[in-house]
Each structure stands twice: as structure tokens, then as C-alpha cells.
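A note on names: the letters A, B, ... follow the listed sequences, proteins ahead of strands, and every chain is numbered from 1.
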2 protein chains.
Amino acid sequence: MLSSTSAVPRSEQPSAGLPSTCHACPTREHCLPAGLDPAALHSFEHTVERRQHLKRHERLYRYGMPLEHLFIVASGQIKTERPMPDGRPQVLGFYLPGQLLGLDALSSHTFCSDAVALCDSTVCAISYAMLTSLIQQRSTLLLRFHALFGTELARQQSNMLLLGNAKAPQRLAAFLMDLATSHHAPAPPAPSFELRMSRDDIASHLGLALESVSRQLTQFRAAGLLEVQNRRIELLDADALRAIAISS
Amino acid sequence: MLSSTSAVPRSEQPSAGLPSTCHACPTREHCLPAGLDPAALHSFEHTVERRQHLKRHERLYRYGMPLEHLFIVASGQIKTERPMPDGRPQVLGFYLPGQLLGLDALSSHTFCSDAVALCDSTVCAISYAMLTSLIQQRSTLLLRFHALFGTELARQQSNMLLLGNAKAPQRLAAFLMDLATSHHAPAPPAPSFELRMSRDDIASHLGLALESVSRQLTQFRAAGLLEVQNRRIELLDADALRAIAISS
DNA sequence: CGCAAATTTGACATCCCTCAAAATTGGTGG
DNA sequence: CCACCAATTTTGAGGGATGTCAAATTTGCG
């Protein structure tokens, strides 16, 4: 396997190992407990066993580990990747604050991927056992859970469509627009953001060679669509990029 | 990719759309209600509002339709596809008896794909409202539901890996082996089966041109790995195909 | 400041898609 | 039962997009 850092996350930086305050959480309205009434929210907070801090490149879970918790990104950014026989892991997806992590463990009750922090991050660890028992009592929570589930499925479907159909320019444009819109909201006027992942990660996720990603960025810049300075992206013509992304 | 759970014949034509008899269903042990005790199974049967027959090429649901039922394939075979702006739909997946259909509607409560019968088929229509309410009372059912959900996610992840990494021979080999194992019971001795989908469907699903699929089949035949007679496939060297499928 | 990692750029090879046409299959009606 | 037509599948030739290999450049970090 890979270099052996201890399998399980071991950096529960205690600062907030406390009763997880969903109330104060900035992502609350986009998170699993969105829409719960105060009583239900209070119950839900008990399923959050801890808040957990991850340093950059730290692993939250690994392929094959038993499912005990699901995770929600509270801050930072996480990638999931599948270790492949040739040693080169394939990136499956990127997760931003509010998104639910670990659903691929639901069938076998072991994780089917590794989760790695792209930058210093925080996650809420939710006991799956407690969650299921709470779901039995709160229909709102059941629906929320299924909604997130469906969202995850939809994301993967979109990815399949991209990988199956699209050429390199479309893939990258779609990726960037995705990131720009979901990457919380400096709104339309200031379309500028920082890529937290490497060119290699992007390439793997898009089914391209990293050189192709680099070249494509260069071309976008040459065409005046964006400005790129290492990992900082500034969108100059979001409409054009969007058009490229959806062009068949 | 077709993976996991169904090793079931697919030739029964249930008589009529009557009170859904899960007891007698050949796919019962691989289906959503697997593992339920008799009382729970009885309750579950109430969520099956009807059995529904589909003729070849008939549509079960369409993109944008509101979610009212989830569906389980009882016999036959179904494909899901996303209508694309250029008019050419992209195939998302194939569904065999016992598999759950419609999960991509969970987030928006409208279907994100079309479902089309590849041959005359039967499905059980399950009221989503009744299912959610029953789930609140039966923890076994909740776990089963999430397990199927996880299976679906895993299938899509496998597909992403295939589309992102693999060359044409690997894609097709993986597809065929998947079909061979999940298709029906004859097991290793009789590796012969009928493709229910067109070359075009396969190509779309694998992110290839249909000509490439055809050519690749020809090459496999030339190499003595299989015999192909129109849509009938006979595996001559399953081990070799499996090796190709997993070769990086 | 200096080294290792990440990114960019260039040249070339190759896989696969596109276009085109022939061959086969399946279905329909005479 | 056979003829005929449309749809599907196979086969061929050629070109384009992208992967691979290699090297230069920049960035990050100690």
C-alpha cells in the first residue's frame, strides 16, 4: 500500500471536540440537518460524535476500512480516490463544505475509496449507527439524507457523461465552471478562486493526462477566457467557458 | 458496469399486474425486501402498488417526470439514458432483475434520466411515499435500502474508473465479464449469453464509437477469446478476458 | 539560497473517431 | 415461403485529438 501513516485519522485537534454546534455552522443550510426544527436539530447533534481536523494530505479513511462514521466537510476540501493496481490512484471526486462523504461504504459497510485532505480541513464525523436510528424517528431527516444521496448520484452521473462524451476543452471548462459556482459565492462579478488540487488530481479526475490539462489552461488563457497564475484562476469570460462546457 | 447482486433468470412473464407476490418472486433474495421477516415482508408488499409490463423499447419514465415510484426490475432488462442537447442520448447504465431503478430522482424528486426496456420486461412499482413511511418503522428495510443505494454508487464509481482510465479493449472486456457474471446462473461452465442491447448502446455506455465496439469484438474473436454471432456471445477464454479487463 | 516537486512546453506516436460503403439481420407484405 | 427494405453490424481508409517521452522552467519549502 501507500506510505504508512496510521490508518485512522489521529489528529482530532481537540479545540472543538465539543458538542458540535450546528447552530453556529456557516454551512448549516446546505448541510445534512438543513430544515430540521430546533428539537430535531438538537437530536441530530448527538450523532455528530466529534469534529475532526485534518492537515493537508492527511487521510480521513482508507479503502477497505469498516464504515463507522459518515463525514461532512465543515471547512477545507477533500478528494476521494481509488487505489489502482498500477499504484496510480484514480481521483473520484472533490468535496466542499456541506457535502457528505463516505456513502460508497453503504453497501459493503467498508469504504471503497481513500479520502484525502487537499488542504487543512475540518469534518464532522457522524455515527452511522446513531444516524440510522435517528432517521427512524425523524422523517425530515430521512428525506434530507436521501436528498444528499441523490445529489451524490447525480454528480457521478454528470461525471460519467463528461468522461464518456466530452473532449478535453469541454471537460476542463465544465470542471472550472462547476468549481466556480459551487465554490461559495463571491457572486458573478468576482470570479476568482484558488484550485486546491494539483494538475495531476484534475487530470485524473477528468480522465486526461496532466500535460493536457496544462495545455488546455494555456489555451484558455491565450483565448482570453481566464487568467491563471499557478493555482489561482481568474475567470475573464465565464459565459464563453460555460458555452464550451455544454457544447456537444 | 454491471456488477453485484443479481444472479437470476429473467424469462418469467408474470401473469398479470395483481397483488404483487414477493413470496413467489424468483429474485426475492436479491431484491429490496431481502432478509425481511414474514411480517415485514407483508408490510412491504403494500408499497408495491403494481406490477407493470413493458414492451421492448417502451419507456418506464422520462427525464423531468416527478418521482412517485421507484422501480425494481422483475424480469427483462432496462437501460437508463440521459437525453443530450445534440439529440444523441448517452447510456448511463443497464439494469437486471432485482436491481433498483430511479434513485437518481431522490435529490430533485424528478427523474434525471429516461428508462427504456431493452426487451419485454416487468417491473415492480414501489410508492416512494409508502416506502419512506415504512422505512421509519423497519430498520432492516432502511439498511437494505441504503445497501442498494451504495451498490448503485459503487457501480457508477466503477464506470467512472473505466471511462477515465481504460482503453477500448479493457472497457469492452470489463463490460462483457460483468455481464457474464451478473447475468444468470449457468456459472462458469456455460459462458454464453445474449446481449439485449445494440452495439450503439454498448458504445455509448463505454464512451466509444459503435464501430470501435464492433472492431474490438472482431479482434477478440480473432484472438480466440470468444465467439460472437450477432448478439449472442460465447466466452471461450474468460480468464484471458478478465485479465484484459483488469490490466492497467 | 538550494533542492525537490510541480508545472509548462515541445516533438512524436498512437489510439480511436469520422466518413464511407458493403454485408448481414430482422421484419413485413406479397 | 420468398422478396424486399430498413436497421444493424462489419469492414476499410484517413485524420485528429490526446497520451507518452523528454526537457526546460517555475514554485514551494526547508
Side-chain angles (χ1 to χ4, degrees), chain A residues 2-3 55-57 79 84 86 88-91 116 118-120 162-173 175-176 194-223 226-233 244 247-248, chain B residues 55-57 79 84 86 88-91 116 118-120 162-173 175-176 194-223 226-233 244 247-248:
Chain A
L2 301 173
S3 60
K55 290 180 314 188
R56 189 170 190 233
H57 294 160
K79 71 172 171 183
M84 300 295 277
D86 67 349
R88 253 91 80 71
Q90 164 96 12
V91 173
V116 186
L118 290 168
C119 55
D120 292 359
L162 215 61
L163 292 172
N165 276 344
K167 303 282 182 204
Q170 298 155 21
R171 295 189 197 187
L172 190 58
F175 172 76
L176 290 175
E194 186 94 11
L195 297 176
R196 293 292 161 74
M197 67 291 288
S198 68
R199 300 284 190 272
D200 201 11
D201 283 337
I202 297 171
S204 172
H205 183 234
L206 298 180
L208 298 171
L210 74 134
E211 294 95 329
S212 297
V213 173
S214 180
R215 270 186 260 269
Q216 199 56 57
L217 279 174
T218 305
Q219 278 197 239
F220 283 161
R221 183 173 49 184
L226 50 75
E227 200 48 62
V228 44
Q229 198 168 343
N230 204 15
R231 296 198 179 183
R232 176 134 221 103
I233 301 287
I244 292 175
S247 69
S248 63
Chain B
K55 289 179 315 185
R56 189 171 189 234
H57 294 160
K79 71 173 172 182
M84 300 295 279
D86 67 350
R88 254 92 80 70
Q90 164 97 9
V91 174
V116 186
L118 290 169
C119 54
D120 292 0
L162 215 61
L163 292 172
N165 276 343
K167 305 279 182 206
Q170 299 156 19
R171 295 189 198 187
L172 189 58
F175 173 75
L176 290 175
E194 186 93 12
L195 298 176
R196 293 293 159 76
M197 66 292 286
S198 68
R199 300 283 189 273
D200 202 11
D201 283 337
I202 298 172
S204 172
H205 183 233
L206 297 180
L208 299 170
L210 71 116
E211 294 95 327
S212 297
V213 172
S214 180
R215 268 186 260 270
Q216 198 57 56
L217 279 175
T218 304
Q219 279 198 238
F220 283 161
R221 183 173 50 183
L226 50 75
E227 200 46 64
V228 46
Q229 199 168 344
N230 204 14
R231 296 198 179 182
R232 175 135 221 103
I233 301 287
I244 291 174
S247 69
S248 63

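Pairs engaging residues 201-211 of chain A under the salt bridge (charged side-chain N to carboxylate O under 4.0 Å, His left out) rule: A:Lys79-A:Asp201 [sequence neighbours left out]. Sorted by first and then second residue, the salt bridge (charged side-chain N to carboxylate O under 4.0 Å, His left out) pairs with a member in residues 164-173 of chain B form an empty list; sequence neighbours excluded.
Rounding to the nearest 0.5 Å gives a distance of 4.5 Å between CD1 of B:Ile202 and CZ of B:Phe175.
Under the side chain to side chain contact (heavy atoms under 4.5 Å, CB included) criterion, B:Leu210 pairs with B:Asp200, B:Ala203, not counting sequence neighbours. For the side chain to side chain contact (heavy atoms under 4.5 Å, CB included) test, residues two or more places apart in sequence or in another chain that qualify with A:Arg231 are A:Arg56, A:Glu194, A:Leu195, A:Ser198, A:Arg199.
Listed by residue number, A:Lys167, A:Ala168 are the residues of residues 163-173 of chain A with a heavy-atom contact under 4.0 Å to DNA chain D.
Rounded to whole Å, atom C1' of D:dT8 lies 11 Å from atom NE2 of B:His57. The CG-C1' distance, from B:Leu206 to C:dC16, rounds to 14 Å in whole Å. Taking atom CG of residue B:Asp200 and atom P of nucleotide D:dT8, one finds them 8 Å apart after rounding to whole Å. As rounded to whole Å, 10 Å separates atom P of D:dA17 from atom CD of A:Gln219. Computed from coordinates, the B:Arg231 CZ to C:dG26 C1' distance equals 10 Å when rounded to whole Å. Taking atom CG of B:Leu208 as the reference point, atom P of C:dC15 lies 14 Å away to the nearest angstrom. Spacing between atom CG of A:Leu210 and atom C1' of C:dA5 amounts to 12 Å, rounded to whole angstrom units.
For A:Ser212 and D:dG19, the shortest distance from a side-chain N or O to OP1 or OP2 is below 4.0 Å.
Comparing D:dT18, C:dT9, D:dT9 by their nearest atom to the side chain of A:Ser214 picks out C:dT9.
Comparing the helix axis at one end of the helix from C:dC1-D:dG30 to C:dG30-D:dC1 with that at the other, each defined from 5 consecutive pairs, gives an inter-axis angle of 50° (nearest 10°).
Considering only heavy atoms from C-beta on, B:Leu172 stays 4.5 Å or farther from B:Ile244 through its side chain.
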Output side-chain donor-acceptor pairs under 3.5 Å for residues 212-222 of chain B, partner residues at least two apart or in another chain, one line each.
from, atom 1, to, atom 2, distance (Å)
B:Thr218, OG1, B:Ser214, O, 3.0
B:Arg221, NH1, B:Val228, O, 3.4

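In this structure, B:Cys119 and B:Arg196 approach most closely via the heavy-atom pair SG-NH1, 3.4 Å. Pairing each heavy atom of A:Gly164 with each of B:Leu163, the nearest pair is N-CD1, 4.2 Å.
Between the base of C:dG10 and the side chain of A:Arg215 there is a donor-acceptor pair shorter than 3.5 Å.
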Protein-nucleotides 4-7 of chain D N/O pairs under 3.5 Å:
none

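Residue-environment remark: CZ (B:Arg88) stays at or below the threshold of 12 foreign heavy atoms within 6.0 Å.
Residue A:Leu217 is out of contact with every strand shown, counting any heavy-atom pair closer than 4.0 Å.
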Seminar exercise, completed: In B/S/- notation (B base, S sugar-phosphate only, - none; protein heavy atoms under 4.0 Å), nucleotides 22-30 of chain D written 5' to 3' is B----SSS-
